[in-house]
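Worksheet: one structure, shown below.
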Amino acid sequence: MMLMPDLLKALKSPEHRWAWVVAIVADALQVGAFPFFAWGALSPADDVIDLVVAVVLSRILGWHWAFLPTLAAELIPGVDLFPTWTAAVLYVTVQRIRSKEPEILPPDPASTGMLPNRSQQK
């Protein structure tokens, strides 16, 4: 589950902000101009927008596997009504933010004195 702080962390990076803008504009264009894009893979304008968005997002955020199923889903008629690019950017940015958080490990037993003394082992 994504929390609001994760989203706010994602928006601090200029790259993430630009990726969000590109994804939201692309999805809004495809929903707003639905009659032009209703045919999915049969619409050349839809294909051009999706390819450009995929390339731009890959340049901004780097390649991520989430862009591939998003691009494939955009070829299905009617799927353009769902904000697939925005969902992909949400997934990628939150995943990258969470992966940069330090991993908290349990304390080492040797440093806490939790290991038995050799004299106690005999």
Side-chain angles (χ1 to χ4, degrees):
M1 181 176 161
M2 192 196 84
L3 301 172
M4 187 57 100
D6 291 333
L7 180 59
L8 295 176
K9 285 180 191 176
L11 294 177
K12 287 183 181 179
S13 164
E15 293 85 12
H16 290 179
R17 283 194 301 261
W18 278 111
W20 276 91
V21 168
V22 168
I24 290 171
V25 167
D27 286 334
L29 179 64
Q30 290 176 327
V31 169
F34 176 69
F36 297 109
F37 303 117
W39 299 103
L42 300 177
S43 170
D46 188 40
D47 295 341
V48 168
I49 287 176
D50 291 329
L51 287 174
V52 167
V53 170
V55 169
V56 169
L57 290 178
S58 293
R59 297 280 294 184
I60 293 172
L61 295 174
W63 172 251
H64 194 280
W65 69 268
F67 297 144
L68 191 59
T70 301
L71 186 59
E74 290 286 337
L75 298 175
I76 301 169
V79 175
D80 290 337
L81 293 176
F82 180 76
T84 52
W85 289 116
T86 305
V89 168
L90 172 71
Y91 178 78
V92 171
T93 55
V94 169
Q95 184 181 27
R96 296 232 170 116
I97 291 298
R98 286 187 176 169
S99 69
K100 290 182 181 178
E101 292 178 358
E103 183 179 1
I104 299 174
L105 299 174
D108 183 26
S111 66
T112 60
M114 300 290 287
L115 291 177
N117 277 338
R118 290 185 181 206
S119 61
Q120 291 176 347
Q121 290 177 350
K122 293 181 180 180

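All of these numbers come straight from a predicted model, not from anything done at the bench. Excluded from the calculations below are hydrogen atoms, water molecules and symmetry mates; all remaining heavy atoms, backbone and side chain alike, are included.
Once rounded to the nearest 0.5 Å, the distance linking CG of L61 with CD of E15 reads 8.0 Å. We find the CG-CG distance between L57 and L71 to be 10.5 Å, quoted to the nearest 0.5 Å. To the nearest 0.5 Å, atom CD of residue Q30 and atom CH2 of residue W85 are 8.5 Å apart. Distance check, rounded to the nearest 0.5 Å: CZ of R17 to OG1 of T93 gives 12.5 Å.
Note on V22 and F82: separate hydrophobic clusters, where clusters join Ile, Leu, Val, Met, Phe, Trp and Tyr whose side-chain heavy atoms are under 4.5 Å apart, directly or indirectly. A single hydrophobic cluster is seen to contain both V92 and V56, as judged by linkage of ILVMFWY side chains at heavy-atom distances under 4.5 Å, directly or through other members.
Taking all atoms of both residues into account, the shortest heavy-atom contact from A66 to A88 is O-CB, 4.3 Å. The two residues V89 and A23 have their closest heavy-atom pair at CG2-CB, 3.6 Å.
No side-chain heavy atom of F67 sits less than 4.5 Å from a side-chain heavy atom of V55. Using a 4.5 Å heavy-atom threshold, the side chains of L90 and W20 count as touching.
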